Amino acid sequence: MKEKFRELSEKLDSYIKTKRFRWYRGLILTLGFAVTGCVCFLAGFFLNRSDNMIYKSNISATAENQTGIVTSAAETSGPETTETIKETEPVTSTEAPKITIDEDMLHSYIYDDITLSDAVYDYTDTTKFENRNSLKDVPLPLTKKSFTIQYNGTVTAGIDSSLIEVVTDNDNYVITVILPEASITSHDIHADSFSITNIKDNLINPITDDDYMNACLSRQDIMEQNAIKSGLIDDTYKSAKETIFEYLNLDGIISSLYTIEFVTPDSQSEI
């Protein structure tokens, strides 16, 4: 085996030294350089074409990256961009609308829908009546008449609802009702309750039904003052306050949120 390898090696050495081998080697190298140059030329031409897909893809990717950078920069830019965004955003609020009650509406309700009851004072009075004829303010003899009468009467007092004023404080949820001055509205004398005693009649100057009524009317102012002293006016205000208070509190918003206060001509109180 060694001798065969030695012979083959000697033949190769002798062949390499021949002109034919050197010619083939030069041809192979030339062809190699030529093929390498052609490949490089074609590759450069292909990569530099404007319609090359790889080129386009690289350009698109670069443009997208630049657009993203610009967009990001715009989103994080200064106050001007932020202000523009704020102006276009809808303004929303979770605050509940303020509850308000109209004064004129309340006054209308009180005047039209509420009937205020008068306060009543019943009394029984006894008085003596005496009379005689006179001539030029000189009493005439034998004309005297007299009697004692007991009777019943009723004095009532009330408030004019059209004069009631209403003030609403919607910030503090207070309704103030200003009541006008209460006054005597009627004074009735019950003729069917007359009880007459100690009658002293006179033929010249007889007792009449008008005498009975005049005897009672002469006591009218006194009876009304007694009624006021007994609390008739105070009862009038109390009744009006209770009626208005109950009526207004039929409204759910008023009953749950508002305080109702009353003002009278001489005092202020809250139920």
Side-chain angles (χ1 to χ4, degrees), residues 107-166 177-247 262-269 271:
H107 179 268
S108 176
Y109 285 166
I110 292 173
Y111 179 70
D112 295 333
D113 299 343
I114 295 180
T115 300
L116 299 179
S117 300
D118 291 342
V120 178
Y121 174 77
D122 293 316
Y123 66 90
T124 299
D125 185 38
T126 301
T127 185
K128 183 178 181 180
F129 177 84
E130 184 176 300
N131 177 262
R132 67 173 63 201
N133 292 340
S134 62
L135 179 63
K136 294 183 179 180
D137 296 330
V138 177
L140 298 177
L142 303 176
T143 61
K144 180 180 178 180
K145 60 181 177 180
S146 64
F147 57 87
T148 300
I149 183 172
Q150 180 177 314
Y151 64 99
N152 299 329
T154 300
V155 181
T156 59
I159 292 174
D160 185 352
S161 60
S162 66
L163 300 178
I164 295 175
E165 297 181 16
V166 180
V177 181
I178 304 174
L179 300 177
E181 186 174 359
S183 60
I184 302 295
T185 56
S186 66
H187 189 164
D188 297 326
I189 296 173
H190 308 308
D192 56 356
S193 67
F194 289 173
S195 176
I196 313 298
T197 58
N198 301 323
I199 298 174
K200 293 183 179 180
D201 205 352
N202 189 287
L203 295 176
I204 300 175
N205 185 22
I207 296 173
T208 64
D209 290 340
D210 288 340
D211 292 333
Y212 297 140
M213 185 57 67
N214 290 332
C216 299
L217 292 176
S218 65
R219 300 276 295 171
Q220 188 171 25
D221 290 342
I222 296 174
M223 292 298 101
E224 289 178 0
Q225 291 300 317
N226 288 343
I228 293 173
K229 291 178 182 178
S230 298
L232 179 63
I233 300 300
D234 293 337
D235 291 343
T236 304
Y237 289 133
K238 181 179 179 181
S239 176
K241 292 176 185 179
E242 290 176 350
T243 301
I244 295 173
F245 181 82
E246 291 176 0
Y247 175 80
F262 291 91
V263 175
T264 59
D266 56 352
S267 65
Q268 177 176 352
S269 61
I271 292 184

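Just so you know, these numbers come straight off a predicted model, no measurement behind them.
- The shortest distance between side-chain heavy atoms of Asp201 and Phe147 does not fall below 4.5 Å.
- Formation of a donor-acceptor pair under 3.5 Å by the Ser218 side chain with backbone atoms of Ala215 is found in this model.
- Within 6.0 Å of OH on Tyr109 lie no more than 12 heavy atoms contributed by other residues, nucleotides or ligands.
- At a threshold of 4.5 Å between non-hydrogen side-chain atoms, the residues Ile189 and Tyr151 count as touching.
- In this structure a side-chain-to-backbone donor-acceptor pair under 3.5 Å is missing from Asp235 to Leu232.
- A heavy-atom distance below 4.5 Å is found between the side chains of Thr126 and Thr148.
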Test side chain to side chain donor-acceptor pair (under 3.5 Å) on Asp210 and Thr208 and set out the steps.
CA-CA 5 Å; Asp210 288 340; Thr208 64; 4.9 Å; no

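- In summary, the aromatic rings of Phe262 and Phe245 are positioned with their centroids too far apart to meet the 6.0 Å limit.
- Looking at Lys145, its side chain does come within 3.5 Å of a backbone N or O of Pro206 through a donor-acceptor pair.
- Residues Ile164 and Ile244 meet the side-chain proximity criterion, which asks for heavy atoms closer than 4.5 Å.
- The CG atom of Asp234 sits 12.5 Å away from the OG atom of Ser239 when rounded to the nearest 0.5 Å.
- Counting heavy atoms from C-beta outward, Met223 and Asp125 have side chains that approach closer than 4.5 Å.
- Between the side chain of Thr236 and the main chain of Ala182, no donor-acceptor pair closer than 3.5 Å is present.
- In this structure the side chain of Asn226 never reaches within 4.5 angstrom of the side chain of Tyr123, judged on heavy atoms.
- In this structure the side chain of Thr127 never reaches within 4.5 angstrom of the side chain of Cys216, judged on heavy atoms.
- The CD1 atom of Ile204 sits 14.5 Å away from the NZ atom of Lys144 when rounded to the nearest 0.5 Å.
- Atom CD in Gln150 sits 8.0 Å away from atom OG1 in Thr197 (nearest 0.5 Å).
- Separating the CD1 atom in Ile110 from the OG atom in Ser161 is a distance of 9.0 Å, to the nearest 0.5 Å.
- Separation of atoms CG (Leu179) and CD1 (Ile159) is listed at 5.0 Å; rounding is to 0.5 Å.
- Other residues, nucleotides and ligands contribute over 12 non-hydrogen atoms within 6.0 Å of the OH atom of Tyr247.
- In terms of modelled atom types and a separation under 3.5 Å, the side chain of Asp188 and the main chain of Thr154 share no donor-acceptor contact.
- Separating the CG atom in Asn198 from the CD1 atom in Ile149 is a distance of 12.0 Å, to the nearest 0.5 Å.
- Between Asp118 and Gly158, the shortest heavy-atom contact is OD1-CA, 3.3 Å.
- Remark: Glu181 CD is loosely packed, at most 12 non-hydrogen atoms of other residues, nucleotides or ligands lying under 6.0 Å away.
- At least one side-chain heavy atom of Ile207 sits under 4.5 Å from a side-chain heavy atom of Ile199.
- Heavy atoms only, all atoms of each residue included: Tyr237 and Pro180 are closest at CE2-O, 3.5 Å.
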